[in-house]
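Below: one structure, written as structure tokens.
Both counts, for ligands and for their atoms, begin at 1 and track the order of listing.
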Amino acid sequence: MGETVTLVEMGPRDGFQPIGPFIETATKLSFIRRLAEAGFRRIEIGSFVSPKAVPQLRDTPELLAACRDWPDFLPQILVPNARGGIAAMEAGAPMIAFVLSVSESHNRNNVRRTPQESAAEYEQLVARLPPGLPVRLNFSTSFDCPFDGRVPEDATLALLDRLVPARPDAEICLCDTTGRVAPDHVGRLFERAIARFPSGPTWAFHAHDTYGLGLANAYAAYRQGVRVIDAAIGGLGGCPFAPGATGNVATEDVVWMFERMGVSTGLDLDALVGIAADAAALPGAMAGGRARAALLSRPCAAPGVSNAA
Ligand code: COA
Ligand code: ZN
């Protein structure tokens, strides 16, 4: 059996969230459907957050209702507080991702709480969710904070010590919210975290590509055994509450890299490049990534001709 890696598509949430002009619900749903058809089983389709904080994602309940019953499909919903988590559960979300930041400044800016207050809220939420409901816990600013700079590894590990036991089967995602981390730091923190919880959770990594290190960082996480990697189609994204950060590492770049390494993603790169081009063309979108332009500019790139060879 060859190696595999699971990508989680962030475009409809992290990718669309900073885009100003409202993207019609039907357009969002069409992107979600095409991404699912390209092979994505798990897509973060939106968030249950204050519509004043993130107006673009205010139609997440409608999107969830439209796709939650698709076969073999896991729409993931981001939530910033217990209220959002309960609302998502009641709306039938099959996977809930709770977000908190390790650094106090970013957590206050993002969700108006200290990290310890958010940690307590996560503990209250998971106590109320059904035991079988898949949960993810996102550690924003695990490496670097837009306001405080480098985040001490011990701060991230201390928060893990508190929260991994709260729900031992939760997937834990360490997030480079700013895109300023370098691969040595990614590798070292995952090595220490994984060693700390030997029978531990499923680990995931979330990269932004602000300094062009998204792929290198994803590879550093992969080298430590991380097999769940977030990416956004077209490299869209950027947290509106993390000034200076650009988009997520581009899905098509990550697929290109892993497939070149012989690591299967189960995704259709040709289809993804087409979706990425459409995502990059959305009014107000700031796209990133390299593979899209490279694959589209190949002389043999004509309809029906595979670019992926
Ligand atoms: N979903 C929708 N609305 C919510 C909500 C949720 N989960 N939680 C709170 N709200 C609303 C309240 O109804 C209130 O609305 P109003 O101003 O119209 O009365 C407003 O948000 C503030 O309520 P409050 O109880 O003071 O909120 P809070 O302090 O518990 O939480 C957050 C504030 C977390 C909801 C808000 O900061 C937020 O949504 N941040 C978004 C974070 C985000 O998405 N970041 C990017 C991704 S990491
Ligand atoms: Zn992000």
Side-chain angles (χ1 to χ4, degrees), residues 7-19 43-64 76-91 93 96-103 105-115 117-122 124-125 128-129 136-146 173-181 204-210 213-214 217-218 221 228-251 254 286 288:
L7 267 57
V8 182
E9 173 57 42
M10 289 286 129
R13 200 279 300 168
D14 212 350
F16 289 170
Q17 123 190 310
I19 294 178
I43 300 177
E44 193 159 281
I45 63 157
S47 56
F48 274 39
V49 305
S50 161
K52 284 183 188 152
V54 186
Q56 179 63 258
L57 302 186
R58 63 183 182 266
D59 58 349
T60 301
E62 288 100 291
L63 292 170
L64 177 61
Q76 177 172 300
I77 303 293
L78 185 90
V79 304
N81 55 11
R83 175 182 153 182
I86 297 296
M89 188 255 302
E90 289 174 351
I96 290 172
F98 187 94
V99 61
L100 53 70
S101 308
V102 179
S103 70
S105 306
H106 187 259
N107 207 57
R108 281 192 187 281
N109 200 43
N110 198 30
V111 299
R112 307 211 301 237
R113 285 162 175 74
T114 67
E117 287 167 346
S118 284
E121 199 150 341
Y122 173 73
Q124 290 156 15
L125 173 64
R128 293 177 64 190
L129 294 178
R136 165 191 264 217
L137 178 56
N138 284 328
F139 277 63
S140 270
T141 65
S142 279
F143 308 91
D144 183 82
C145 168
C173 185
L174 302 186
C175 305
D176 176 25
T177 308
T178 61
R180 289 199 301 217
V181 76
F205 177 60
H206 178 101
H208 282 258
D209 205 24
T210 317
L213 288 178
N217 290 333
V228 181
I229 305 280
D230 289 357
I233 195 73
L236 297 187
C239 175
F241 307 96
T246 62
N248 289 155
V249 64
T251 302
V254 180
M286 293 236 299

**OP:** Give the single entry among E121, R112, R58, K52 that approaches atom 22 (C) of ligand 1 most closely by any heavy atom.
**Re:** R112
Subject >> Candidate with minimal heavy-atom separation from atom 28 (P) of ligand 1, of H106, R113, R83, R108 >> reply: R113
Which bit of [X] gets closer than 4.0 Å to ligand 1, counting heavy atoms only: side chain, backbone, both or neither?
X	value
N81	side chain
V54	side chain
S50	both
L78	side chain

**OP:** Please determine if the Zn ion (ligand 2) has an N/O/S atom from D14 lying under 2.8 Å away.
**Re:** yes
Original post:
Looking at the Zn ion (ligand 2), is one of the N, O or S atoms of H206 less than 2.8 Å from it?
Top reply: yes
Subject >> Geometric N/O contact R13 with ligand 1, under 3.5 angstrom >> reply: no
Output a table of donor-acceptor pairs, distance under 3.5 Å, between side-chain atoms of residues 241-248 and any protein atom two or more places apart or on a different chain; print 'none' if there are none.
residue, atom, partner, partner atom, Å
T246, OG1, T210, N, 3.4
N248, ND2, D14, OD2, 3.0
N248, ND2, H206, NE2, 3.4
N248, ND2, H208, ND1, 3.4
N248, ND2, H208, NE2, 2.8

Original post:
For D230 and R136, what are the C-alpha separation, side-chain angles and deciding distance, and is it a salt bridge (charged side-chain N to carboxylate O under 4.0 Å, His left out)?
Top reply: CA-CA 12 Å; D230 289 357; R136 165 191 264 217; 2.9 Å; yes
Considering all protein heavy atoms, does one lie under 4.0 Å from [atom]?
atom	answer
atom 9 (C) of ligand 1	yes
atom 3 (N) of ligand 1	yes
atom 15 (O) of ligand 1	no

